[in-house]
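First up is the structure itself, then whatever we jot down about it.
Every heavy atom of this structure was used, including side-chain atoms; hydrogens, water molecules and symmetry mates were not. For ligands, and for the atoms within them, numbers begin at 1 and follow the listed sequence.
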Amino acid sequence: MGTADFARVITGTAFHTPARDRLEVLEDHAFVLDSTGTITQMLPAGDARRTELVEAARSRGVLEELPKGSFLIPGLVDLHIHAPQWPQLGKALDAPLEVWLHKYTFPMEARFADTAFAAEVYDEMVATLLAHGTTTAVYFGSVEVEPNLVLAEACLRHGQRALIGKVAMDDPDNCPPYYRDDSAQAGLDATRRFITELRQMAGEDPLVLPVVTPRFIPSCSDELLAGLGALAKELDCHVQTHCSESDWEVGHVAARLGQTDCEALSGHGLLTERTVLAHSNFITEDDMGLLCAHGSAVAHCPMSNAYFANAVFPLRQALERGVKVGLGTDISGGFSPSLFDAARHALMASRHAASGTDPSLPPEARGPGSRPLSTVETFWLATASGGAALDLPIGQFAPGYRFDALAIEANAPGSGFRHYAALDAPEDCFEKLVLTADRGAIARIWVDGTPRLD
Ligand SMILES: Nc1nc2[nH]cnc2c(=O)[nH]1
């Protein structure tokens with residue numbers, strides 16, 4: 001590459017996990033980006049080409065040098081978040097899912113039909129999520145088309161990578177009259193219009209993508225589910241929905257269809273290699289086989305599972321089977337805007353699941369003794385595996401990948417992420433970062449190589 005062929009150069013030490021069990025420490029590398037924010041080269045200190053490139057970038061004013069004590073990591077990928085539940089974050093968690101939806105959540109989401117309200121809330125929400133390190137979010141929107149376009153505008157304005165779904169839900173038995181598609185056909189027409197208008201808005205090389213989004217089987221007619229499966233194929237879209245989340249939900253689907261959620265979704269063409277299924281706590285061995293066969297992914301949302309699921313997602317089993325898994329905050333079923341928090345809850349949930357939780361049992365009978373998540377695996381779920389679930393070139397540092405990244409600063413005032421150069425090996429520093437980095441430690445945020453929230 002000649003010195004003219006780059007748009008930006010960023011230097012610093014980076015941590016990333018390109019494979020489930022593999023931490024790579026990229027000591028003092030120069031990341032060379034093209035005009036789309038794609039990494040074209042990664043040059044370690046001492047590489048003969050590096051000095052010339054760095055000097056050329058400096059003289060053109062497109063060099064960013066991370067100070068010592070700051071670490072680059074890939075941006076965090078939140079695979080499951082409900083945008084119109086943002087005002088409800090941290091409250092209304094005193095009821096089971098089937099009550100919570102009707103008592104709190106549908107009324108809250110319905111308010112977003114007021115696009116002025118939506119604009120105000122979404123502008124602040126997107127900025128806050130970015131500030132917490134979420135460079136990619138997979139959003140459930142609300143039922144009407146317009147507020148979801150308002151959300152897309154906010155993501156484009158702030159520069160957050162986003163996948164956004166107009167929520168489709170039409171079953172009069174399970175959706176209130178004030179908040180549903182009037183019919184299956186109305187839901188399909190509105191979804192098509194949303195996808196078309198969002199694509200027009202996002203343009204070429206889009207930062208924001210549309211997602212076909214049946215809310216979950218209990219709120220959708222068979223006609224709507226089948227139509228959405230066909231639409232996803234015709235318009236070549238990602239798909240998201242909730243799957244096998246709780247006892248009530250699994251029982252509802254079994255009673256109505258005599259199938260598991262995965263079987264029914266597969267039958268309607270909704271399992272694809274760009275499908276993200278939130279939760280999936282109760283999936284069977286055969287369901288895991290279906291997910292592998294279709295290449296569909298699970299968004300594991302441990303925080304909301306503690307409220308709604310009545311069980312812990314069999315994460316180790318799913319990983320061993322080769323199911324794609326990433327993490328979600330599931331706002332507002334989860335109460336934190338931070339995917340770091342979701343990752344730490346995943347770690348804790350997996351440790352409880354592995355050991356078992358009944359102290360009256362002897363240790364050998366208490367739990368399955370399966371291997372809990374490691375810190376490296378936890379970080380991989382929040383970054384590289386999330387990117388792979390979406391089939392997007394994000395979540396790790398490699399040529400061809402977009403530079404979506406965070407600079408995490410050790411020893412920032414007020415932050416719990418403390419680094420002792422004389423005591424902490426790079427691997428210690430990585431572990432501390434995964435377990436303690438917080439909003440106060442996030443010093444810089446890039447999406448597509450462009451600094452955001454500056
Ligand atoms: N956690 C969660 N589960 C759902 N199932 C259907 N809708 C929802 C929702 O909004 N949150």
Side-chain angles (χ1 to χ4, degrees), residues 78-112 125 137-144 147-148 151 164-171 173-176 179-181 187 211-221 224-225 228 239-253 256 260-262 264-265 270 275-283 298-313 326-337 342 345-346 349:
D78 186 345
L79 286 186
H80 185 62
I81 165 168
H82 292 265
Q85 294 174 20
W86 180 250
Q88 208 167 260
L89 184 72
K91 71 172 187 178
L93 284 166
D94 60 346
L97 176 65
E98 62 277 20
V99 176
W100 175 82
L101 284 171
H102 290 269
K103 186 173 173 188
Y104 303 116
T105 300
F106 293 154
M108 172 55 71
E109 293 191 7
R111 295 178 68 107
F112 284 73
M125 176 193 74
V138 185
Y139 288 111
F140 268 61
S142 51
V143 170
E144 293 81 10
N148 301 314
L151 171 59
I164 301 175
K166 170 242 169 310
V167 168
M169 46 194 274
D170 70 328
D171 189 336
D173 290 341
N174 288 296
C175 308
Y179 190 58
R180 67 179 181 231
D181 294 299
V211 192
V212 166
T213 306
R215 183 168 205 121
F216 66 156
I217 294 173
S219 63
C220 298
S221 65
L224 180 59
L225 292 169
L228 290 172
V239 175
Q240 63 180 342
T241 190
H242 299 90
C243 173
S244 298
E245 181 176 1
S246 70
D247 289 318
W248 166 78
E249 194 272 339
V250 168
H252 180 101
V253 174
R256 176 174 136 196
T260 66
D261 285 48
C262 288
L265 294 169
L270 288 162
T275 293
V276 177
L277 300 175
H279 312 301
S280 310
N281 304 296
F282 291 88
I283 57 174
V298 171
H300 174 36
C301 308
M303 204 182 286
S304 100
N305 290 170
Y307 286 97
F308 295 149
N310 326 110
V312 175
F313 172 63
L327 297 178
T329 55
D330 191 22
I331 288 167
S332 66
F335 55 74
S336 170
H345 275 80

Does any non-hydrogen side-chain atom of [Y] lie less than 4.5 Å from one of [X]?
X	Y	answer
Ser332	Tyr104	no
Asp78	Leu327	no
Leu89	Met125	no

I'd like to check which ligand 1 atoms, numbered from 1 as shown, lie under 4.0 Å from a non-hydrogen atom of [X].
X	answer
Asp330	1 (N), 2 (C)
Leu97	2 (C), 3 (N), 4 (C)
His279	1 (N)

Looking at Glu245, Arg215, Glu98, the heavy atom closest to atom 3 (N) of ligand 1 belongs to Glu245

Report yes or no: does a heavy atom of Glu249 sit under 4.0 Å from some atom of ligand 1? no

Review point. Going by heavy atoms, is Trp100 under 4.0 Å from ligand 1?
Key: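 In this structure, Trp100 qualifies as a contact of ligand 1 - some heavy atom is under 4.0 Å.
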
Do ligand 1 and [X] have nitrogen or oxygen atoms that lie under 3.5 Å from each other?
X	result
Thr105	no
Ser304	no
Glu109	no

Within the side chain of [X], is there an N or O that forms a donor-acceptor pair under 3.5 Å with the backbone of [Y]?
X	Y	value
Gln240	Thr213	no
Arg180	Cys175	yes
Asp171	Ser221	no

Which one holds for Tyr104 and ligand 1: side chain close, backbone close, both close, or neither close, with close meaning a heavy atom under 4.0 Å?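 Under 4.0 Å from ligand 1, Tyr104 contributes no heavy atoms.
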
Have a look at ligand 1 and work out which part of Phe308, if any, has a heavy atom under 4.0 Å from it: side chain, backbone, both or neither.
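Phe308 to ligand 1: side-chain contact only, backbone stays beyond 4.0 Å.
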
Point to revise | Audit row: Gln88, Thr105, side chain to side chain donor-acceptor pair (under 3.5 Å) steps and yes/no | key: CA-CA 8 Å; Gln88 208 167 260; Thr105 300; 3.2 Å; yes

Would you say the ring centers of His242 and Phe140 fall short of 6.0 Å from each other?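 Under 6.0 Å, so yes.
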
